[in-house]
Amino acid sequence: METLSYPVPANEIQRLEALHSYQIVDTDAELTFDDLSELAAQICGCPAAYISLVDETRQWMKSICNLPETICDTSRKDAICSRTICQYDVMEVPDLREDARFKDLPLVTGPPNFVFYCGAPLINEQGYALGSLCVVDFEPRKLEHKQREAMRQLSRQVVSQLEMRRHVSDLHTTRRDLESKRTEVDRLMKSVMPAGIAREMRERKRVEPRFFSSATVMFTDFFSFTRMTGTMAPGDLVDTLDQFFTVFDGIVEKHRMERLKTIGDAYMCVAGIPDQNRTHPVDACLAAIEMREVMLRHGRMRAKVHLAAWQMRIGINTGAVVGGIVGQNKIAYDVWGNTVNLASRMEAAGEPGRINVSENTYGFVRHLFDFEERGLVEIKNAGSVPMYFLERIKPELSADAIGAAPNEKFWVAPAN
């Protein structure tokens, strides 16, 4: 048998069976796990943290805090956590560079250049170490006793979340046969409302209105659309709108947003609901820039054949909203509140080809994007409101020259 370059738990076969029973490896990020890794970093005074799961060949990270996504999938032989899962206590290494077990690992010798490591194994009720909750630093350090104890406690909370997640998954599996009979109904419902809301509507026959403390709302419309309706054939007009909105739907989905509705030439979408996350202001700004680039490319194509370009205004605002279902026969999911009203005002007070952003949104994303400050702008029923034109991703955080695509530094850039 080949000799492995890393230790293996004595119960490895059973441990792997237990890990796979959770069906969590390679799943999407979840806010609960992100909260726990961030809390571990804060308690231990470390700049970064992660939650890892170790399968047959690799260490995969369910959550990362202030670390690049490139390390989310690491070979097991190169993973520090390969040793953490072989013990039943917290493993702390003050300086990985001085420890023969770790000094030559890629995560130590190369980016992100770990120096300090502390990992608490994630041990389930059957005694299997599924992975670890870890905090890291880029300089030597030593934790206090209370911080090590906090790591133990938080690791138990991670395991509790894994168990809860598995129980929910098991419930979904038992209902699979019934749900298969409603596939077509589900498809139709999901086309008019977010998937989570459609599920709630199907299971409960109603949707409880929910308050969301933070979401980002975006409105777009085409400048001088009414004039265009008098110069284009109805079929051409509808086809062009359909092409734009289909592209926008793809962009919105890519950036974890939900398209709520279209009204004529207006397009409304929202980020951060019903599945809450912390990146919704960033997601909306990235989507808006991508939409603007679509319009610019379309305009250049029309210019080649001496046709006037379609120009679009975009307005964005962040704040609290209430979401719920309206209608009985023709139901639709919608959001309400001052945040929505101000987002609409942002679009109306904007300029063709530009992205008009409220002060609320600006405050969340100003460290990532370049803006043109507009000062106070008078809007209906709200008086003078600060506004900003979103220009591009900051050059040092952009993967392209026009500032439309984020690079790896973008996602870990510290807020000012």
Side-chain angles (χ1 to χ4, degrees), residues 210-223 248 251-252 255-263 265-295 311-323 334-394 397 403-404 406 410 413-416:
R210 290 180 58 191
F211 172 78
F212 299 92
S213 60
S214 186
T216 299
V217 181
M218 180 197 302
F219 281 91
T220 79
D221 81 340
F222 293 101
F223 186 68
F248 293 170
I251 294 172
V252 162
H255 293 286
R256 298 192 302 164
M257 301 182 71
E258 291 285 352
R259 189 256 281 218
L260 296 185
K261 58 186 174 183
T262 62
I263 305 173
D265 66 314
Y267 185 100
M268 178 186 176
C269 55
V270 61
I273 68 168
D275 298 320
Q276 301 176 73
N277 60 65
R278 289 192 178 92
T279 63
H280 57 83
V282 179
D283 296 335
C285 288
L286 289 173
I289 290 175
E290 194 167 338
M291 289 178 179
R292 184 186 63 188
E293 292 306 310
V294 167
M295 299 306 302
Q311 293 186 307
M312 188 172 71
R313 299 178 298 191
I314 302 177
I316 300 174
N317 182 37
T318 300
V321 300
V322 174
D334 207 351
V335 294
W336 304 272
N338 291 333
T339 297
V340 180
N341 297 335
L342 187 55
S344 177
R345 299 286 189 268
M346 289 295 113
E347 174 266 306
E351 295 180 3
R354 308 204 73 175
I355 303 166
N356 196 29
V357 173
S358 72
E359 186 174 37
N360 290 342
T361 304
Y362 169 79
F364 285 110
V365 301
R366 62 185 180 182
H367 62 296
L368 300 173
F369 300 91
D370 285 337
F371 290 87
E372 176 187 325
E373 186 173 353
R374 301 184 65 191
L376 297 175
V377 179
E378 190 77 18
I379 61 174
K380 182 179 179 181
N381 298 329
S384 296
V385 176
M387 298 184 190
Y388 303 81
F389 279 137
L390 171 60
E391 299 288 353
R392 54 164 292 156
I393 298 171
K394 288 183 178 293
L397 304 177
F410 179 92
N416 296 334

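Nothing fancy with the numbering, it's 1 onward along the sequence.
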task = Mind listing the closest non-hydrogen atom pair of L376 and S384 along with its distance?
result = CB-CB, 3.9 Å

request  = Answer whether the closest heavy-atom distance between the side chains of I263 and M268 falls below 4.5 Å.
outcome  = no

Aromatic centroids of F364 and F369 separated by under 6.0 Å = no

Atom pair CZ (F371) and CD1 (I355), whose distance is rounded to the nearest 0.5 Å = 9.0 Å

request  = List the atom of Q311, the atom of P352, and the distance in Å for their closest heavy-atom pair.
outcome  = OE1-CB, 3.7 Å

request  = Looking only at non-hydrogen atoms, find the nearest pair between M257 and C269 and report the distance.
outcome  = CE-SG, 3.6 Å

request  = Give, for atom CD1 of I314 and atom CG of D221, the distance between the pair rounded to the nearest 0.5 Å.
outcome  = 10.0 Å

request  = Would you mind reporting whether I251 and H255 have side-chain heavy atoms less than 4.5 Å apart?
outcome  = yes

query = What do the steps show when you test R256 against T279 for side chain to side chain contact (heavy atoms under 4.5 Å, CB included), and what is the final call?
reply = CA-CA 9 Å; R256 298 192 302 164; T279 63; 2.2 Å; yes

Full working for side chain to side chain contact (heavy atoms under 4.5 Å, CB included) between V385 and V377 = CA-CA 5 Å; V385 176; V377 179; 5.8 Å; no

request  = Give a yes or no on whether the backbone of E391 and the side-chain of R292 come within a donor-acceptor separation of less than 3.5 Å.
outcome  = yes

message = To check you understand the geometry: which heavy-atom pair defines the closest contact between M346 and V357, and what is its length?
response = SD-C, 3.8 Å

ask   = If you look at every heavy atom in L260 and V335, which pair is closest and at what distance?
value = CD1-CG2, 3.6 Å

ask   = Out of curiosity, L342 CG to T318 OG1, how far, rounded to the nearest 0.5 Å?
value = 10.0 Å

task = Could you name each residue pair satisfying ring-ring contact (aromatic ring centres under 6.0 Å, His included) that touches residues 266-293, not counting sequence neighbours?
result = F245-Y267, F248-Y267

inquiry  = I'd like to know if the side chain of R354 reaches the main chain of R313, judged simply by a donor and an acceptor atom lying under 3.5 Å from each other, with no hydrogens or angles considered.
reply    = no

query = Is any side-chain heavy atom of F410 closer than 4.5 Å to a side-chain heavy atom of L368?
reply = yes

message = Rounded to the nearest 0.5 Å, what separates atom OH in Y362 from atom CE in M387?
response = 15.0 Å

key: Residue pair L390, I289: steps toward the side chain to side chain contact (heavy atoms under 4.5 Å, CB included) verdict   = CA-CA 8 Å; L390 171 60; I289 290 175; 3.9 Å; yes

task = Report yes if the side chains of D334 and K261 come closer than 4.5 Å at any heavy-atom pair, otherwise no.
result = yes

task = Carefully, step by step, assess I316 and S358 under the rule side chain to side chain contact (heavy atoms under 4.5 Å, CB included).
result = CA-CA 6 Å; I316 300 174; S358 72; over 6 Å; no

task = Supply the atom-to-atom distance I393 CD1 to D370 CG, rounded to the nearest 0.5 angstrom.
result = 10.0 Å

ask   = So, N360 side chain and G319 main chain: donor-acceptor pair closer than 3.5 Å or not?
value = no

query = Should E351 and F389 count as side-chain neighbours, where that means a heavy-atom distance under 4.5 Å?
reply = yes

inquiry  = When you measure from the side chain of N356 to the backbone of G315, do you find a donor-acceptor pair of N or O atoms at a distance under 3.5 Å?
reply    = no

ask   = What is the distance from atom CD of Q276 to atom OG of S213, rounded to the nearest 0.5 Å?
value = 6.0 Å

ask   = What are the two closest heavy atoms between G350 and R374, and how far apart are they?
value = CA-NH1, 4.1 Å

P281 backbone acceptor or donor facing T361 side chain under 3.5 Å = no

